[in-house]
Amino acid sequence: MLQYLVILLDDTSTSYCHYGVNKKERKLISLDHLRQGIRFGMVENLMIQFIYPDYALPQDYLDVIDTIDHSNIKPLAALDGETDVVALDGWDYDSCKLKDAVVVLRTSWKLLNENQSKLKDLLTVVQRLNVVITDVERMSDSDREQYKTVLEALCKDVEQLYVDGKSPQLNLLTDRIMLTEMNNCNAGDSTITLAPNGKFYTCPAFYYDNEEDSVGDLNSGLDIKNQQLYRLDHAPICRKCDAWQCRRCAWLNRKTTLEVNTPSREQCIAAHLERNASRKLMLSLRSKGTFLPDKEEIKEITYLDPFEIVTQWK
């Protein structure tokens with residue numbers, strides 16, 4: 001069931017996930033489409049998230065946006081007092097501007113490995129940090145080994161912050177500890193996107209990939225073919241998996257396996273490396289005192305790709 005409506009305010013609106021923004025020319029959504037999108041969200045009782053470009057919007061747009069309760073996702077260049085999520089595209093940022101912010105940091109495998117030491121300082125400043133690997137589908141064997149090293153170092157950093165009395169939130173490690181079930185992106189199931197052209201898309205990535213890949217428009221409404229395939233109960237691998245922090249990205253799934261409900265090996269391995277690191281962090285924290293005593297321990301597993309044990313599942 002739909003719960004969220006993402007509205008891209010411009011063709012150059014910031015990315016906050018795996019996809020890149022390949023449109024360079026500014027193209028604001030029309031005021032008419034903006035109003036219709038807000039009306040659609042109100043009628044469907046959806047929570048609206050506006051995705052901003054890196055320049056200031058005209059006042060008449062801001063006035064329309066303020067007619068509805070909403071969340072703002074903005075790039076650092078557009079940061080102001082009315083920002084709910086700050087999207088960082090890389091490691092060029094001023095951490096002083098990010099105090100108590102919810103931050104999405106987009107990075108490649110290579111840059112993550114080179115800049116990993118900066119994450120602890122960032123965690124001490126922000127309220128929450130989501131790290132998104134933009135080339136996760138191109139994970140090599142060396143990337144996998146380096147990622148294990150990065151996660152081990154982050155475990156020590158996060159553990160020290162907890163010992164110091166802080167409560168860091170890092171999607172790669174702390175989410176799996178806190179969750180009790182899958183908490184994925186759910187694009188196409190609970191979330192839909194309205195692009196500047198007035199058409200709906202499963203998520204922004206599908207719009208930037210191919211504008212013809214729409215799932216309806218403001219005039220005719222939504223038309224999502226085989227929408228059940230976006231649901232967890234129609235994902236045969238994912239519904240059995242306990243890497244609950246995985247984004248289960250439908251766009252990456254289709255890009256790599258041609259099926260929106262089937263993840264790539266690389267996406268699964270990355271998620272299970274994070275899951276296993278979360279287990280070690282949880283055990284380490286419990287060895288130092290009472291830590292979430294009511295939470296069930298994360299089980300030890302012997303695989304990184306669920307395909308390796310799929311025949312064991314009933």
Side-chain angles (χ1 to χ4, degrees), residues 1-55 57-58 60-75 78 85 87 104 184-231 234 247-256 258-261:
M1 184 178 71
L2 285 179
Q3 295 176 282
Y4 301 94
L5 172 64
V6 173
I7 298 182
L8 296 174
L9 293 170
D10 189 275
D11 268 354
T12 63
S13 290
T14 189
S15 172
Y16 59 99
C17 200
H18 296 289
Y19 68 93
V21 177
N22 55 16
K23 297 179 183 294
K24 306 302 180 184
E25 184 176 345
R26 294 177 178 178
K27 180 186 175 183
L28 270 173
I29 188 172
S30 71
L31 279 172
D32 185 48
H33 284 159
L34 180 58
R35 292 190 183 97
Q36 289 184 60
I38 290 174
R39 188 179 304 116
F40 176 87
M42 293 176 65
V43 170
E44 299 295 329
N45 196 29
L46 305 179
M47 297 180 64
I48 298 180
Q49 300 171 329
F50 291 107
I51 317 300
Y52 287 72
D54 64 359
Y55 65 91
L57 298 183
D60 49 354
Y61 278 78
L62 298 178
D63 291 341
V64 172
I65 289 170
D66 282 340
T67 62
I68 187 74
D69 289 336
H70 63 275
S71 297
N72 293 324
I73 300 178
K74 299 182 179 182
V85 177
V104 173
N184 316 129
C185 168
N186 294 324
D189 180 20
S190 63
T191 302
I192 203 71
T193 292
L194 175 65
N197 61 4
K199 295 182 179 181
F200 292 111
Y201 295 84
T202 306
C203 79
F206 286 85
Y207 171 63
Y208 288 111
D209 220 18
N210 180 7
E211 282 192 40
E212 299 303 314
D213 200 12
S214 65
V215 292
D217 57 53
L218 287 167
N219 294 322
S220 58
L222 288 174
D223 182 23
I224 304 175
K225 307 298 183 185
N226 297 315
Q227 188 176 13
Q228 74 277 4
L229 296 180
Y230 294 96
R231 300 202 313 258
H234 278 68
R247 298 307 295 153
R248 200 167 63 88
C249 177
W251 175 69
L252 278 179
N253 290 353
R254 195 184 69 171
K255 181 180 178 181
T256 55
L258 304 183
E259 299 287 347
V260 296
N261 63 347

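Because only heavy atoms are used, hydrogens play no part in the values below, and waters and symmetry mates are left out as well, while side chains stay in. Please read these numbers as outputs of a predicted model, since none were measured by experiment.
- Side-chain contact between Pro75 and Tyr52: present, with at least one pair of heavy atoms (C-beta onward) separated by less than 4.5 Å.
- By the 4.5 Å heavy-atom criterion applied to side chains, Asp189 and Asn184 are not counted as neighbours.
- In terms of heavy atoms, Asp11 sits closest to Glu25 at CB-O, 3.8 Å.
- Residues His70 and Leu5 are not in side-chain contact: their nearest non-hydrogen atoms beyond the backbone lie 4.5 Å or more apart.
- If you take CD1 on Ile7 and CD1 on Ile48, they are separated by 4.5 Å, rounding to the nearest 0.5 Å.
- Residues Ile29 and Leu194 are in side-chain contact: their nearest non-hydrogen atoms beyond the backbone lie under 4.5 Å apart.
- Atom CG in Leu222 sits 9.5 Å away from atom OG1 in Thr202 (nearest 0.5 Å).
- Shortest non-hydrogen contact noted between Pro196 and His33 is O-ND1, 3.7 Å.
- Considering CG of Leu46 and CD of Gln3, their distance stands at 9.0 Å, rounded to 0.5 Å.
- Annotation: side chain of Tyr61 is not in contact with side chain of Asp10 (no heavy-atom distance under 4.5 Å).
- Here Ile68 contributes atom CD1 and Met47 contributes atom CE; the two are 10.5 Å apart, rounded to the nearest 0.5 Å.
- Side-chain contact check for Thr193 versus Ile51: every heavy-atom pair is 4.5 Å or farther apart.
- Gln227 places a side-chain N or O within donor-acceptor distance of the main-chain N or O of Gly188, the cut-off being under 3.5 Å.
- Between Tyr19 and Tyr208, the ring-plane angle classifies as parallel under the 30° and 60° cut-offs.
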Show the numbers, then the answer: is there a side-chain contact (heavy atoms from CB on, under 4.5 Å) between Glu211 and Lys23?
CA-CA 11 Å; Glu211 282 192 40; Lys23 297 179 183 294; 2.6 Å; yes
As a quick check of understanding, evaluate side-chain contact (heavy atoms from CB on, under 4.5 Å) for Tyr207 and Asn197, giving each step before the final call.
CA-CA 10 Å; Tyr207 171 63; Asn197 61 4; 3.6 Å; yes
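- Atoms OH and OG, on Tyr4 and Ser190 in that order, are 7.0 Å from each other to the nearest 0.5 Å.
- The 12-atom threshold is not exceeded at CG of Asn45, counting heavy atoms of other residues, nucleotides or ligands nearer than 6.0 Å.
- Checking Arg248 against Asn261 by side-chain atom types alone, no donor-acceptor pair falls below 3.5 Å.
- Within a 6.0 Å radius of CG in Asn22, other residues, nucleotides and ligands contribute more than 12 heavy atoms.
- Side-chain contact between Lys225 and Asp223 is present, with heavy atoms from C-beta onward closer than 4.5 Å.
- Interatomic distance, Asp66 CG to Leu62 CG, rounded to the nearest 0.5 Å: 6.5 Å.
- Using a 4.5 Å cut-off on side-chain heavy atoms (C-beta onward), Tyr230 and Ile224 make contact.
- Contact detail for Ala87 and Ser15: the closest heavy-atom pair is CB-O, 3.5 Å.
- Side chain of Asp217 to main chain of Ser220: a donor-acceptor pair is present (N/O by atom type, distance under 3.5 Å, no hydrogens or angles).
- A salt bridge links Arg254 to Asp213: at least one charged side-chain nitrogen sits closer than 4.0 Å to a carboxylate oxygen.
- The nearest pair of heavy atoms linking Thr256 to Leu252 is OG1-O, 2.6 Å.
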Discussion item. Using the rule given for side-chain contact (heavy atoms from CB on, under 4.5 Å), can you reason through Leu9 versus Ile65, listing the C-alpha separation, both sets of side-chain angles and the distance that settles it, and then say yes or no?
Written reply: CA-CA 10 Å; Leu9 293 170; Ile65 289 170; 3.9 Å; yes
Practice problem: Could you walk me through whether Arg26 and Asp54 pass side-chain contact (heavy atoms from CB on, under 4.5 Å), step by step? | Solution: CA-CA 10 Å; Arg26 294 177 178 178; Asp54 64 359; 4.3 Å; yes
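- Closest approach of Thr14 to Lys74, counting heavy atoms only: CG2-C, 4.1 Å.
- Closest non-hydrogen pair, Val260 versus Asn253, comes out as O-ND2, 2.8 Å.
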